[in-house]
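In what follows, a structure is listed as structure tokens, so that the remarks can point back to it.
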Amino acid sequence: MQREVPGVPELFSWEFATDPYPAYAWLREHAPVHRTKLPSGVEAWLVTRYADAKQTLADNRLSKNPAHHHEPAHAKGKTGIPGERKAELMTHLLNIDPPDHTRLRRLVSKAFTPRRVAEFEQRVQELTDGLIDGFAEQGSADLIHEFAFPLPIYAICDLLGVPREDQDDFRDWAGMMIRHQGGPRGGVARSVKRMRGYLADLIHRKREVLPAEPTPGEDLISGLIRASDHGEHLTENEAAAMAFILLFAGFETTVNLIGNGTYALLTHPEQRTRLQASLAAGERGLLETGVEELLRFDGPVELATWRFATQPLTIGGQHIEAGDPVLVVLAAADRDPERFADPDVLDLARRDNQHLGYGHGIHYCLGAPLARLEGQTALATLLTRLPDLRLAADPAELRWRGGLIMRGLRTLPVEFTPASR
């Protein structure tokens, strides 16, 4: 058992959510592998140093399967995504280990190859411009609700093959899921259940009309239906769970990348001006390194998703019992001064930037190429079309969403010179 460490800062309060980095710096120095009670009541180990984090993310003695937890917390909705068990959506990439993980990941990885994502670039640009068109003449906007949130929802719906007429339903369900504590009690679980029902129906409808041979640019759900691996087809539950987690993991991370990234640029005017000058000169190098730096500096995923020790092990000199939950704090690891020079400084030109924002190892984020495309397109277009974009609220007044895994703003009010008709 871990010895008591005096002076541990308060974790998971509203004040902590606003700026968790001082507390993480304290943990890195004094208790780099720290056992704590989470807001849900579950006790888990927090891993905060970069070297320990990278090792932990790739350690096959840590399972993604909640069945390895020594307490039935997952069944009570205290770990994982609320409602996923009741909705029979458990068999997705965030909850399984090899060989099932290897099989399912291989089936969907072709949808996120650099070439396939490049083919999607024009559609992402169209969505980005269309959303900005919706508020450009107003002179003000909430960039979360009017821009950062709908962009990845519509993009991932297009990729999955959700018909355009149904995408606003997905936007509503996703909105309930992303609000977490801000919505009605049980709202997340109800949204998960509705999404599960819709996906099952959509899979059934697509299966009935699926052509014998795939067409160029075939949507991902059709590909999942068609896909087989050594003669083994996906079950309907596996296909629905895969579509669900691609939507869930594929939109909230990008919402936060765009929101956190824009906020960081607006509060670091020298870096923002530097990026705008680079974009005006037709260069993309600073945009590409800049998005990586925004992922490191204040990334969309604060803690990596749950892992459970399958046997006793040691992390960072700390003994972990079999069955213990382990959470890697990506936000802390990516500000570790042992790995990054001046880690609390935003430097869009940073080159040595092997951040963990999209994880590491076999669970490295499958949709990272798409998220990077969306982030680069969104930020470049915003700064180009609305060059005098500025915050319309005191940073101290902004509120960050409560929740364990993700880090993102509830709102991001901005002002700018209205575009002329």
Side-chain angles (χ1 to χ4, degrees), residues 80-84 86-89 92-94 108 111-112 117 120 123-124 126-128 130-131 134 142-180 182-184 186-207 209 217-225 236-259 300 365-367 370-371 373-375 377-378 401 403 405-406 408 410:
I81 301 168
E84 64 179 355
K86 287 185 178 179
E88 297 183 333
L89 290 169
H92 58 67
L93 291 175
L94 297 185
V108 296
F112 296 99
V117 169
F120 205 52
R123 177 58 181 156
V124 171
E126 289 172 359
L127 288 168
T128 301
L131 290 168
D142 174 2
L143 281 187
I144 300 298
H145 293 285
E146 297 179 66
F147 184 64
F149 174 67
L151 173 58
I153 282 287
Y154 293 139
I156 199 70
C157 279
D158 277 356
L159 196 67
L160 286 169
V162 175
R164 299 278 170 88
E165 62 269 20
D166 295 341
Q167 291 185 5
D168 282 337
D169 287 336
F170 263 76
R171 181 175 175 171
D172 291 342
W173 296 329
M176 182 61 68
M177 292 161 66
I178 203 172
R179 281 197 291 273
H180 298 308
V188 176
R190 283 196 296 274
S191 293
V192 169
K193 186 176 181 180
R194 288 176 186 146
M195 196 176 289
R196 167 69 172 88
Y198 175 84
L199 288 170
D201 180 64
L202 182 62
I203 288 168
H204 178 72
R205 284 186 281 137
K206 284 182 177 288
R207 180 175 278 125
V209 297
E218 181 175 71
D219 68 74
L220 185 50
I221 289 180
S222 294
L224 289 174
I225 295 167
E236 182 184 289
N237 272 356
E238 286 177 332
M242 184 68 74
F244 166 75
I245 201 59
L246 290 173
L247 177 83
F248 185 82
F251 86 87
E252 191 169 1
T253 51
T254 309
V255 174
N256 295 346
L257 168 58
I258 296 169
C365 178
L366 192 64
L370 177 61
L373 169 65
E374 292 172 344
T377 304
R401 284 193 301 275
I405 302 299
M406 301 291 185
R410 289 178 178 269

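Model, not experiment: these values are computed from the prediction.
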Worksheet item: Can you tell me how far the CG atom of Leu160 sits from the CG atom of Leu199, to the nearest 0.5 Å?
Response: 8.0 Å

Discussion item. For a 4.5 angstrom cut-off between non-hydrogen side-chain atoms, does Leu220 reach Ile156?
Written reply: no

Response to the item:
Sorted by chain and number, sequence neighbours left out, side chain to side chain contact (heavy atoms under 4.5 Å, CB included) with Leu131 holds for Phe147, Pro150, Leu151

Worksheet item: Once you round to the nearest 0.5 Å, how far does CG of Leu373 lie from CZ of Phe120?
Response: 8.5 Å

Worksheet item: Nearest heavy-atom pair of Ser222 and Lys206: which atoms, and what distance?
Response: OG-CD, 3.8 Å

Practice prompt. Please list, chain by chain and in numerical order, all residues satisfying ring pair (Phe, Tyr, Trp, His ring centres under 6.0 Å) with Tyr198, sequence neighbours excluded.
Written response: Phe170, Trp173

Worksheet item: SG of Cys157 to CG of Asp219: how many Å apart, nearest 0.5 Å?
Response: 11.5 Å

Worksheet, complete the sentence: Heavy atoms of Ile225 and Ile203 approach each other most closely as CD1-O, 3.5 Å

Discussion item. If you compare all heavy atoms of Ala378 against all heavy atoms of Thr128, which two are closest, and at what distance to 0.1 Å?
Written reply: CA-CG2, 4.1 Å

Fill in: Side-chain heavy atoms of Pro152 within contact of Val255, under 4.5 Å
yes

Worksheet item: Is there side-chain contact between Thr377 and Glu374, with heavy atoms separated by less than 4.5 Å?
Response: no

Discussion item. Could you report the tightest heavy-atom contact between Gly375 and Leu257, atom names first, then the distance?
Written reply: CA-CD2, 3.9 Å

Worksheet entry | Considering all heavy atoms, the nearest Gly259-Ala148 contact | N-CB, 4.2 Å

Worksheet item: Are side-chain heavy atoms of Gln167 and Asp158 found at a separation under 4.5 Å?
Response: yes

Item to complete: Could you check if a side-chain atom of Val209 sits within less than 4.5 angstrom of a side-chain atom of Arg205, using non-hydrogen atoms only?
Response: no

Worksheet, complete the sentence: CZ of Arg171 to CG of Asp169, rounded to nearest 0.5 Å, is 12.0 Å

Fill in: Partners passing salt bridge (Lys or Arg N to Asp or Glu O under 4.0 Å) against Asp166 (at least two apart in sequence or in another chain)
none

Worksheet item: Is any side-chain heavy atom of Arg194 less than 4.5 Å from a side-chain heavy atom of Asp172?
Response: no

Item to complete: Could you tell me whether the side chain of Asp168 reaches within less than 4.5 Å of the side chain of Tyr154, counting heavy atoms only?
Response: yes

Worksheet, complete the sentence: Closest heavy-atom pair, Ile153 versus Phe251, reported as atoms and distance to 0.1 Å, is CD1-CG, 3.6 Å

Discussion item. In the structure I gave you, are the side-chain heavy atoms of Glu126 and Arg123 within less than 4.5 Å of one another anywhere?
Written reply: yes

